[in-house]
Number of protein chains: 2
Amino acid sequence: MQQTAQHARERVHRASSDPTRERIVAAAIDLFSERSFEGASTRELAARAGVAQPLLNYHFRSKDDLWRAAADQLFAEMTQALDTRSAEVIADGDVAGAKAVIREFICFSARRPQLHRMITQESKADGPRMDYLVDRHVRPIYERTAQLLGTLVKAGAVPAIPVEHLYYIITGAGPTMFVHGPECRRLTALDPTDDAVIQAHADAVCLLLFGPHSAPAAA
Amino acid sequence: MQQTAQHARERVHRASSDPTRERIVAAAIDLFSERSFEGASTRELAARAGVAQPLLNYHFRSKDDLWRAAADQLFAEMTQALDTRSAEVIADGDVAGAKAVIREFICFSARRPQLHRMITQESKADGPRMDYLVDRHVRPIYERTAQLLGTLVKAGAVPAIPVEHLYYIITGAGPTMFVHGPECRRLTALDPTDDAVIQAHADAVCLLLFGPHSAPAAA
DNA sequence: CAAGAGTCTGATCAATTGATAAAACAATCT
DNA sequence: AGATTGTTTTATCAATTGATCAGACTCTTG
């Protein structure tokens with residue numbers, strides 16, 4: 001069982017850099033988020049990564065396994081972008097810090113709309129992939145976010161809205177423009193990858209949430 | 001060319017009620033919005049409609065054609081739900097009326113999350129189906145919505161945010177909870193199909209947009 | 001009843017899908 | 001150089017895909 005041993009390897013030292021494997025995951029992130037799981041064929045995946053199709057099954061047990069690796073990678077990136085800050089913010093109820101976290105969330109969604117694209121694709125109906133997303137990634141994020149939003153409401157920093165609604169308002173209002181990037185480009189004169197547009201969107205969401213109190217661009 | 005003649009028929013008298021055809025379109029709306037275009041096989045489509053698979057190609061030229069019929073149906077429903085009101089509201093700058101239109105938009109998104117699910121699926125990357133959606137349905141809606149939002153900003157009814165951003169904030173904040181219905185059910189204790197929850201969400205979005213001015217539940 | 005148009009199904013098509021097997025290639029160690 | 005281990009490719013598999021065709025069924029009309 002040579003294959004099995006290699007798949008074991010794949011799971012053992014994740015940290016070790018494997019450029020080919022990383023190129024495949026990068027291609028998977030793009031294609032899965034654009035075309036959905038079923039819409040992305042392993043052949044096109046491989047072509048975009050510049051490798052032969054069976055190589056996917058060498059580095060990953062199955063197409064599902066590759067999808068999970070792509071999801072893991074995206075959530076790891078978001079965690080890295082938000083975690084250090086948000087953890088301490090929740091602890092001491094720092095409103096300005098919380099605002100910065102929300103801004104960073106919006107900016108991340110603009111930089112990596114693939115994350116929300118993949119979430120959206122699987123959150124519409126129950127299924128094994130939604131199980132994986134919710135149990136492994138989304139629920140912990142939701143719980144901490146709800147806690148953060150609760151402190152903001154209690155502090156009067158944002159209007160008195162139940163945290164469940166606030167959560168879906170923010171995760172909807174923030175990323176949608178960037179998730180629908182190609183559509184936005186056709187409908188409007190704005191370029192959703194332009195940093196000025198991204199900042200303007202973060203300003204807009206924060207203005208609605210926090211009111212016209214502090215400076216639009218927080219550190 | 002018997003088939004051709006029948007497909008012509010299909011395009012001629014749309015208004016005429018064809019129960020079988022309608023059942024197929026209804027199944028297509030559900031399955032396409034849940035599983036995406038590629039993820040919905042014609043066999044499962046037919047099974048959900050309770051017919052044999054080749055019947056789809058009898059009533060519709062192709063799978064693409066069926067998809068377009070499903071999209072048309074969804075947009076027709078939304079147009080019917082919003083049009084009468086929104087047209088006159090834009091005309092005379094009726095702020096309370098505009099608020100009611102936005103509330104109705106949110107309620108419609110809760111009743112028929114399939115519409116936004118289909119839009120989201122195709123708006124992530126350019127393609128023939130996005131062409132159809134944008135050119136035929138989304139652009140006209142966007143233009144009128146942008147106009148409506150412009151009057152609201154000018155009247156000072158909502159914060160001074162560029163209409164492009166307002167558009168994506170509203171179309172994100174409003175429907176996302178319902179588009180992600182199954183996920184929401186798992187993350188929270190709320191049932192996104194419960195009318196009280198829907199109204200609470202509309203209240204929340206309107207509170208953020210219009211402030212705590214008028215009564216939460218407008219007519 | 002017979003004829004015929006319209007509706008629907010079973011059988012089947014070529015093409016594509018994810019996955020596997022076997023072999024070629026590459027790199028390291030002796 | 002020869003052997004071994006790890007990586008990648010070519011060839012191929014069974015299964016599923018969307019679509020087509022010929023025939024069966026249903027209904028109205030003559």
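The sequence lines fix the lettering, A, B, ..., with proteins before strands; numbering per chain opens at 1.
- Applying the salt bridge (charged side-chain N to carboxylate O under 4.0 Å, His left out) rule to A/Glu104 yields the partners A/Arg111; only residues at least two apart in sequence or on another chain are considered.
- Atom CZ of B/Phe60 is separated from atom C1' of D/dT20 by 18 Å (rounded to the nearest Å).
- Applying the side chain to side chain contact (heavy atoms under 4.5 Å, CB included) test to A/Ile29 and every residue at least two apart in sequence or in another chain returns A/Val25, A/Ala70, A/Gln73, A/Leu74, A/Arg112, A/Gln114.
- Remark: A/Glu143 pairs with no residue by the salt bridge (charged side-chain N to carboxylate O under 4.0 Å, His left out) rule, at least two apart or across chains.
- Counting non-hydrogen atoms under 4.0 angstrom, B/Ala40 reaches the backbone sugars and phosphates but no base.
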Which atom pairs link the protein and nucleotides 9-15 of chain C when you take only N or O atoms and keep those under 3.5 Å?
from: C/dT9; atom 1: OP2; to: B/Ala52; atom 2: N; distance (Å): 2.9

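- Legend: residues meeting ring pair (Phe, Tyr, Trp, His ring centres under 6.0 Å) with A/Phe108, ordered by chain and number and at least two apart, are absent.
- By the side chain to side chain donor-acceptor pair (under 3.5 Å) test, A/Asp191 is found to be paired with A/Arg185, A/Thr193, residues two or more places apart in sequence or in another chain being considered.
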| Verdict with reasoning, B/Tyr168 to A/His201, per ring pair (Phe, Tyr, Trp, His ring centres under 6.0 Å) | CA-CA 9 Å; B/Tyr168 280 105; A/His201 198 70; 7.6 Å; no
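- Distance B/His59 NE2 to D/dG18 C1': 17 Å, rounded to the nearest Å.
- Residue B/Glu44 contributes atom CD, which lies 10 Å from atom P of D/dG18 at whole-angstrom precision.
- In this structure, the CG atom of A/Asn57 is 13 Å from the C1' atom of D/dC13, given to the nearest Å.
- Under the salt bridge (charged side-chain N to carboxylate O under 4.0 Å, His left out) criterion, B/Arg129 pairs with B/Glu38, B/Asp64, B/Glu122, not counting sequence neighbours.
- When the side chain to side chain donor-acceptor pair (under 3.5 Å) test is applied to B/Arg35, the partners found at least two apart in sequence or on another chain are B/Glu44.
- Taking the C1' atoms of five terminal pairs at each end of the helix from C/dC1-D/dG30 to C/dT30-D/dA1, the two resulting helix axes are inclined by 10°, rounded to 10°.
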| request: Please lay out, stage by stage, how A/Ser123 and B/Glu183 fare under the test side chain to side chain donor-acceptor pair (under 3.5 Å). | output: CA-CA 5 Å; A/Ser123 297; B/Glu183 179 209 72; 3.1 Å; yes
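- As a whole-Å value, the separation of A/Phe37 CZ from C/dT17 P is 13 Å.
- Heavy-atom distances under 4.0 Å link DNA chain C to no residue of residues 23-33 of chain A.
- Between the CG atom of A/Asp18 and the P atom of D/dT7 there is a distance of 7 Å, given to the nearest Å.
- Applying the side chain to side chain donor-acceptor pair (under 3.5 Å) test to A/Thr120 and every residue at least two apart in sequence or in another chain returns B/His180.
- If you measure from atom CZ of B/Arg61 to atom C1' of D/dG18, you get 16 Å, rounded to the nearest angstrom.
- In this structure B/Arg48 satisfies the side chain to side chain donor-acceptor pair (under 3.5 Å) test with no other residue, sequence neighbours excluded.
- Between B/Thr42 and D/dT17 there is no side-chain polar atom (N or O) within less than 4.0 angstrom of OP1 or OP2.
- Checking the phosphate oxygens (OP1, OP2) of C/dC8, a side-chain nitrogen or oxygen of B/Thr20 falls inside 4.0 Å.
- Between A/Asp65 atom CG and C/dG18 atom P there is a gap of 15 Å when expressed in whole angstrom units.
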